[in-house]
Q: 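Take this structure first; my questions come after.
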Amino acid sequence: MSKYRVRYQTFEIDDLDIHVRSLRDNQQFSDDGNIAKNLGISSAQWPIFGIIWASGEVLARLMARQDIVGKRILEVGCGLGLASLVLNERSADISATDYHPEVESFLKINASLNSGDEIPYEQSDWNDLDTSLGEFDLIIGSDLLYEVEHIELLSQFIEVHAKPECEVIVVDPGRGNHAKFSKAMVKLGFSHSQRKLDDEEQSHTSFKGRVLNYSRV
């Protein structure tokens, strides 16, 4: 049986210390039962979920200051769910979803490492619009727009899970698909804006992309 190696890190995010068990690096791989392969996840793609990327850390820092009062929140394509862990630490009503078969076990362990409640999680493909997740006031994600075909899939998935009044925040490192995604979101009734990080936010990261905001009221 093949084994992957892990590492433990602590992220200092505002006044929070978030402890994370992650893959040791992006060369780790273990899929003896071909579970990931049967889901269409290649060996090269397999480790992507288990690394804290710059865009994920940016999203987590945004969530440390996000207004959460009375909001039901969903992290889409959560991977290790650093943003979800921050929100969980703040006692937010946070749920998470991803497609990778290893995400749920990592999320449970990481919530436990931070002495937090278990984060509600559902393994879900963006093609699957018949899920039990329900609707949300705020939907968040980071580095979601890998491929052009993801634009339609993600926008429709968001539409299914967005309340009539909903905010969407996507941290995008600049893969070239955000303009088409914004057009798709506008068709669904969302207004949109985008911004670069301010000087204080930039001081914590080498991230050079943009924060995409969508709002429907």
Q: Looking at Gln194, is its backbone amide N or carbonyl O close enough to the side chain of Asn213 to form a donor-acceptor pair, meaning the two atoms are under 3.5 Å apart?
A: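 Not at all, since once roles are kept as given, no pair shorter than 3.5 Å links the two residues.
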Q: Can you list the residues that meet the ring-ring contact (aromatic ring centres under 6.0 Å, His included) rule with Tyr121, with sequence neighbours excluded?
A: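 Listed in chain order: nothing, the list is empty.
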Q: If you draw a 6.0 Å radius around CD in Glu149, do more than 12 non-hydrogen atoms from other residues or ligands fall strictly inside?
A: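 Counting neighbours around CD of Glu149, more than 12 heavy atoms of other residues, nucleotides or ligands fall under 6.0 Å, so yes.
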Q: Salt-bridged, Arg175 to Asp143, with N to O below 4.0 Å?
A: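 Looking at Arg175 and Asp143, the cut-off is met.
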Q: Excluding sequence neighbours, so at least two apart, what forms side-chain contact (heavy atoms from CB on, under 4.5 Å) with Glu89?
A: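 Partners of Glu89 under the side-chain contact (heavy atoms from CB on, under 4.5 Å) test: Leu16, Ile18, Asn114.
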Q: Go through the structure and list residues passing ring-ring contact (aromatic ring centres under 6.0 Å, His included) with Phe181, not counting sequence neighbours.
A: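 For Phe181 the ring-ring contact (aromatic ring centres under 6.0 Å, His included) partners, ignoring immediate neighbours, are Tyr214.
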Q: Any luck finding a side-chain donor-acceptor pair between His204 and Glu200 under 3.5 Å?
A: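 Judged by distance alone, the side chains do pair up.
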Q: Hey, could you give me each pair passing side chain to side chain donor-acceptor pair (under 3.5 Å) that has a residue in residues 59-70? Not counting sequence neighbours.
A: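 Every side chain to side chain donor-acceptor pair (under 3.5 Å) pair that includes a residue of residues 59-70, provided the two are not neighbours, is Asp14-Arg65, Glu57-Arg61.
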Q: Around atom NZ of Lys163, are there more than 12 heavy atoms from other residues, nucleotides or ligands closer than 6.0 Å?
A: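 Enclosed.
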Q: Just say parallel, tilted or perpendicular for the rings of Phe49 and Phe106, cut-offs at 30° and 60°.
A: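 Ring orientation, 0 to 90° scale: perpendicular.
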Q: Do the side chain of Asp31 and the main chain of Ile35 share a donor and acceptor less than 3.5 angstrom apart?
A: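 The answer is yes, because a donor-acceptor pair under 3.5 Å joins these two groups.
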Q: Which pairs count as side chain to side chain donor-acceptor pair (under 3.5 Å) when at least one residue sits in residues 35-56, sequence neighbours excluded?
A: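 As it turns out, the side chain to side chain donor-acceptor pair (under 3.5 Å) pairs with a partner in residues 35-56, which skip direct neighbours, are Ser42-Gln45.
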Q: Would you say the side-chain atoms of His161 pair up with the backbone N or O of Gly134, donor to acceptor, closer than 3.5 Å?
A: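 Yes; judged by distance alone, with no hydrogens or angles, the pair exists.
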Q: Check the surroundings of atom CZ in Arg5: do more than 12 heavy atoms from other residues, nucleotides or ligands lie under 6.0 Å from it?
A: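 Not more than 12 within 6.0 Å, no.
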Q: Keeping Ser191 on the side-chain end and Ser215 on the backbone end, is there a donor-acceptor pair under 3.5 Å?
A: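 A pair under 3.5 Å: yes.
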Q: Side chain of Gln202, backbone of Leu197: donor and acceptor closer than 3.5 Å?
A: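 No, the answer is negative, given that no donor and acceptor are paired below the 3.5 Å cut-off.
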Q: Please enumerate all residues that pass side-chain contact (heavy atoms from CB on, under 4.5 Å) together with Asp117, with sequence neighbours excluded.
A: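 Partners of Asp117 by the side-chain contact (heavy atoms from CB on, under 4.5 Å) criterion, ordered by chain and then number, come out as Asn88.
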Q: Does Glu167 use its side chain to pair, donor to acceptor, with the backbone of Leu138 at less than 3.5 Å?
A: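 Between the backbone of Leu138 and the side chain of Glu167 there is no qualifying donor-acceptor contact (under 3.5 Å).
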Q: Donor-acceptor check, side chain of Asp98 to backbone of Cys78, threshold 3.5 angstrom: yes or no?
A: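 Flag set: sc Asp98 to bb Cys78 pair under 3.5 Å.
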Q: Please assess Glu201 against Arg195 for the test salt bridge (charged side-chain N to carboxylate O under 4.0 Å, His left out), listing each intermediate value before the final yes or no.
A: CA-CA 12 Å; Glu201 292 169 328; Arg195 67 176 182 87; 2.8 Å; yes
Q: Hey, are Arg72 and Asp137 close enough for a salt bridge, meaning a charged N less than 4.0 Å from a carboxylate O?
A: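 Salt bridge between Arg72 and Asp137, a charged N being under 4.0 Å from a carboxylate O: no.
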Q: Could you give the distance from CZ (Arg21) to CG (Leu113), rounded to the nearest 0.5 Å?
A: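 Interatomic distance, Arg21 CZ to Leu113 CG, rounded to 0.5 Å: 8.5 Å.
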Q: Does a donor on one side chain and an acceptor on the other come within less than 3.5 Å for Ser132 and Glu122?
A: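 Glu122 and Ser132 do have a side-chain donor-acceptor pair below 3.5 Å.
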Q: Looking at Arg216 and Leu188, would you say the former's side chain and the latter's main chain have a donor-acceptor pair under 3.5 Å?
A: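 Yes, the answer is positive, given that a donor and an acceptor are paired below the 3.5 Å cut-off.
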Q: With distance as the sole test, does Ser155 use its side chain to make a donor-acceptor pair with the main-chain N or O of Ile151 at under 3.5 Å?
A: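 Flag set: sc Ser155 to bb Ile151 pair under 3.5 Å.
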Q: Please report the C-alpha distance between Ser84 and Glu75 in whole Å, then the side-chain angles of each, then the deciding distance to 0.1 Å, and finally whether the side-chain hydrogen bond (donor to acceptor under 3.5 Å, both in side chains) criterion is met.
A: CA-CA 7 Å; Ser84 288; Glu75 183 175 8; 2.6 Å; yes
Q: For Ile140, which of Val168, Val76, Ile169 qualifies under side-chain contact (heavy atoms from CB on, under 4.5 Å)?
A: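 For Ile140, the side-chain contact (heavy atoms from CB on, under 4.5 Å) check succeeds only for Ile169.
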Q: Of the options Asp128, Leu133, Asp125, which is the one that meets Thr97 in a side-chain contact (heavy atoms from CB on, under 4.5 Å)?
A: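 Going through Asp128, Leu133, Asp125 one by one, the side-chain contact (heavy atoms from CB on, under 4.5 Å) with Thr97 is satisfied by Leu133 alone.
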